[in-house]
Amino acid sequence: MVHRIIEWSLRNRFIVLVMAAALFAWGIFAVKKNPVDAIPDLSENQVIVFTEWMGRGPQLIEDQVTYPLVTNLQGLPRIKYVRGSSMFGMSFIYVIFQDDVDIYWARERVLERLSTVASTLPAGVTPQLGPDGTGVGHILWYTLDAPGMDLGEQRALQDWYIKFALQNVPGVSEIASFGGFQKQYQITVDPNKLLYYRIPVAAVLNAIRTNNNESGGRKFELSDIGYIIKTSGYLKSVAEIENIPVKTQNNIPIRIADVATVQMTGETRLGIFDQDGQGERVGGIVVMRYGENADAVIDKVKARMKEVAKGFPDGVKFDIVYDRGALIRESVDAIKHTLIEEMIVVSVVVILFLFHWRSALSIIIQIPITLAASFILLNAFGISSNIMSLTGIALAIGVIVDNGIIMSENAYKHLAEKYAQWQEKQQA
């Protein structure tokens with residue numbers, strides 16, 4: 001079979017050259033299309049289920065949230081195992097699927113099972129899926145350099161302006177905010193006053209909940225004009241919360257201000273983010289979606305950040321603290337230079353040892369064609385251009401030319417023997 005292929009190739013040199021040129025062109029296209037990253041994504045094929053139940057201890061979270069979720073998610077198809085983790089106010093479930101499972105198919109299966117598990121969880125507890133990213137999806141970290149702006153205002157700027165703008169960038173799965181204070185209305189109940197007025201805590205909660213609703217009425221027409229009746233009940237200030245009536249005693253309303261203290265404050269924090277020992281900062285983490293081109297996504301995020309910065313208050317700007325784009329460019333450039341140097345060295349060695357330019361040329365041509373064709377296979381198997389894949393190609397350059405050298409030397413040996421036999425016949 002091999003002899004027939006070689007024989008056919010020798011008789012159809014033009015077709016072989018056209019096929020090689022087409023393969024090289026396809027490889028060049030694959031090089032441009034191949035995603036670029038600094039490190040390979042070796043993380044497991046997992047789906048994260050996050051559940052928040054603030055104010056509860058780890059043991060209660062484990063018993064009433066983590067355990068029911070783990071036991072119900074274990075029966076999913078094509079699953080390897082399920083891991084659970086409980087902490088103060090939060091539960092994390094890691095559902096690990098087999099490596100050949102499509103990540104979005106897996107997320108759909110988990111979401112279907114969660115819809116049936118929700119009825120077994122405590123009231124008000126709603127599990128939700130984590131972002132469709134991986135453990136190496138953190139491609140960019142940034143903070144806000146905002147002198148003169150307090151941490152609450154910085155966090156509000158991050159959550160209600162920057163986050164929404166950057167989440168629309170193609171390839172971005174999530175913008176995770178960190179640092180600062182999340183503003184909230186906090187009501188501190190005085191138990192002595194509740195006991196004095198004989199008001200249970202549940203009555204205070206119910207009064208606040210019922211007075212913070214937007215209810216609708218009906219529509220009626222008057223003089224060919226339609227009017228919609230509704231009530232505006234959303235609470236907008238501390239004073240409105242303080243004036244909510246809880247109970248009436250002797251025709252005198254007992255308000256929230258009579259039994260509790262209302263103030264605007266920050267949500268309870270479990271840690272802080274300090275940058276370079278210069279004080280607290282507010283910022284965000286850009287999480288890349290599964291299977292995206294990290295280098296391209298980083299460039300798009302930076303372009304969007306320039307547009308977002310135009311709407312900042314005076315003196316506020318982005319401060320990028322981690323940028324994988326620089327690592328990607330330095331890593332890939334180093335490997336590319338190594339590849340070029342190896343190709344030059346191998347070509348010189350082949351020319352010196354064979355000392356026959358046509359044979360050397362046939363061997364050297366194999367190097368760029370083989371490298372280009374390797375990127376076709378990288379795209380086919382979903383492998384990015386990273387330190388490991390490019391280093392493997394660099395190590396394989398010597399193996400690539402070995403076959404050509406052996407074939408050329410073998411052909412040269414046989415031709416020399418035939419030529420010697422022909423000379424003997426001529427002399428005879």
Side-chain angles (χ1 to χ4, degrees), residues 35-41 43 48 50 52 90 128-184 266-333 384 386-387:
V36 181
D37 204 342
I39 52 179
D41 190 354
S43 57
I48 302 175
F50 168 70
E52 187 176 20
M90 291 176 286
Q128 53 186 327
L129 295 184
D132 52 344
T134 64
V136 295
H138 294 192
I139 57 176
L140 190 142
W141 287 43
Y142 65 86
T143 59
L144 296 179
D145 186 4
M149 181 181 291
D150 65 65
L151 294 175
E153 293 176 344
Q154 293 184 39
R155 185 59 184 260
L157 180 65
Q158 161 64 24
D159 288 340
W160 301 102
Y161 176 59
I162 301 173
K163 182 177 180 179
F164 295 149
L166 297 183
Q167 276 184 339
N168 293 327
V169 176
V172 173
S173 173
E174 181 190 24
I175 303 295
S177 302
F178 59 82
F181 296 91
Q182 291 181 275
K183 292 183 179 181
Q184 63 176 200
E267 187 178 355
T268 303
R269 301 196 300 171
L270 301 178
I272 64 173
F273 182 85
D274 180 89
Q275 183 177 348
D276 299 330
Q278 302 298 320
E280 292 188 49
R281 287 287 187 95
V282 175
I285 304 172
V286 180
V287 182
M288 181 182 66
R289 184 168 284 113
Y290 180 84
E292 292 288 338
N293 189 336
D295 191 41
V297 174
I298 291 173
D299 291 339
K300 294 176 183 177
V301 170
K302 288 183 178 179
R304 181 63 60 84
M305 290 173 71
K306 292 180 180 178
E307 298 178 3
V308 173
K310 296 178 181 178
F312 282 172
D314 293 336
V316 180
K317 61 181 179 179
F318 283 112
D319 184 9
I320 297 178
V321 296
Y322 169 71
D323 179 11
R324 195 191 294 176
L327 177 61
I328 292 172
R329 286 188 293 271
E330 292 179 3
S331 303
V332 174
D333 288 344
S384 63
N386 52 67
I387 295 175

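Worth saying up front: this structure is predicted, and the values here are computed from it rather than measured.
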Verdict with supporting geometry, I298 and D323, side chain to side chain contact (heavy atoms under 4.5 Å, CB included) = CA-CA 8 Å; I298 291 173; D323 179 11; 3.5 Å; yes
What pair of heavy atoms forms the shortest contact from [X] to [Y], and how long is it?
| X | Y | result |
| --- | --- | --- |
| S173 | P131 | OG-CB, 3.3 Å |
| Q158 | S177 | NE2-OG, 3.0 Å |
| A146 | V316 | CB-CG2, 3.8 Å |

Side chains of I285 and E174: does their closest heavy-atom pair fall under 4.5 Å?
-> no
Quick one: CD on E280 to CG on D150, what's the gap to the nearest 0.5 Å?
-> 11.5 Å
Roughly how far, to the nearest 0.5 Å, is the CG atom of D145 from the NZ atom of K317?
-> 5.0 Å
Give a yes or no answer on whether the side chain of [X] reaches the backbone of [Y] with a donor-acceptor pair at less than 3.5 Å.
| X | Y | answer |
| --- | --- | --- |
| R269 | G180 | yes |
| N293 | V36 | yes |
| R155 | G179 | yes |
| D276 | Q278 | no |

In plain terms, say whether D295 and R324 are close enough for a salt bridge, that is, a side-chain N and a carboxylate O under 4.0 Å apart.
-> no
Quick one: do R289 and E292 make a salt bridge, cutoff under 4.0 Å?
-> no
Between the side chains of T143 and R281, does any donor sit under 3.5 Å from an acceptor?
-> yes
Does any donor atom in the side chain of D37 or S384 lie under 3.5 Å from an acceptor atom in the other side chain?
-> no
Using atom types as modelled, flag every donor-acceptor pair under 3.5 Å from a side chain in residues 160-172 to any protein atom, sequence neighbours excluded.
| from | atom 1 | to | atom 2 | distance (Å) |
| --- | --- | --- | --- | --- |
| Y161 | OH | V308 | O | 2.9 |
| N168 | ND2 | F164 | O | 3.2 |

Begin with the C-alpha distance, continue with both residues' side-chain angles, and end with the deciding distance and a verdict on side chain to side chain contact (heavy atoms under 4.5 Å, CB included) for E153 and K183.
-> CA-CA 9 Å; E153 293 176 344; K183 292 183 179 181; 4.3 Å; yes
What class does the angle between the rings of F273 and W141 fall in, given that below 30° is parallel, 30 to 60° is tilted and above 60° is perpendicular?
-> tilted
What do the steps show when you test F181 against E267 for side chain to side chain contact (heavy atoms under 4.5 Å, CB included), and what is the final call?
-> CA-CA 6 Å; F181 296 91; E267 187 178 355; over 6 Å; no
Could you walk me through whether Y142 and V286 pass the side chain to side chain contact (heavy atoms under 4.5 Å, CB included) test, one step at a time?
-> CA-CA 8 Å; Y142 65 86; V286 180; 4.2 Å; yes
Ring pair (Phe, Tyr, Trp, His ring centres under 6.0 Å) assessment of F318 paired with F312 = CA-CA 10 Å; F318 283 112; F312 282 172; 5.0 Å; yes
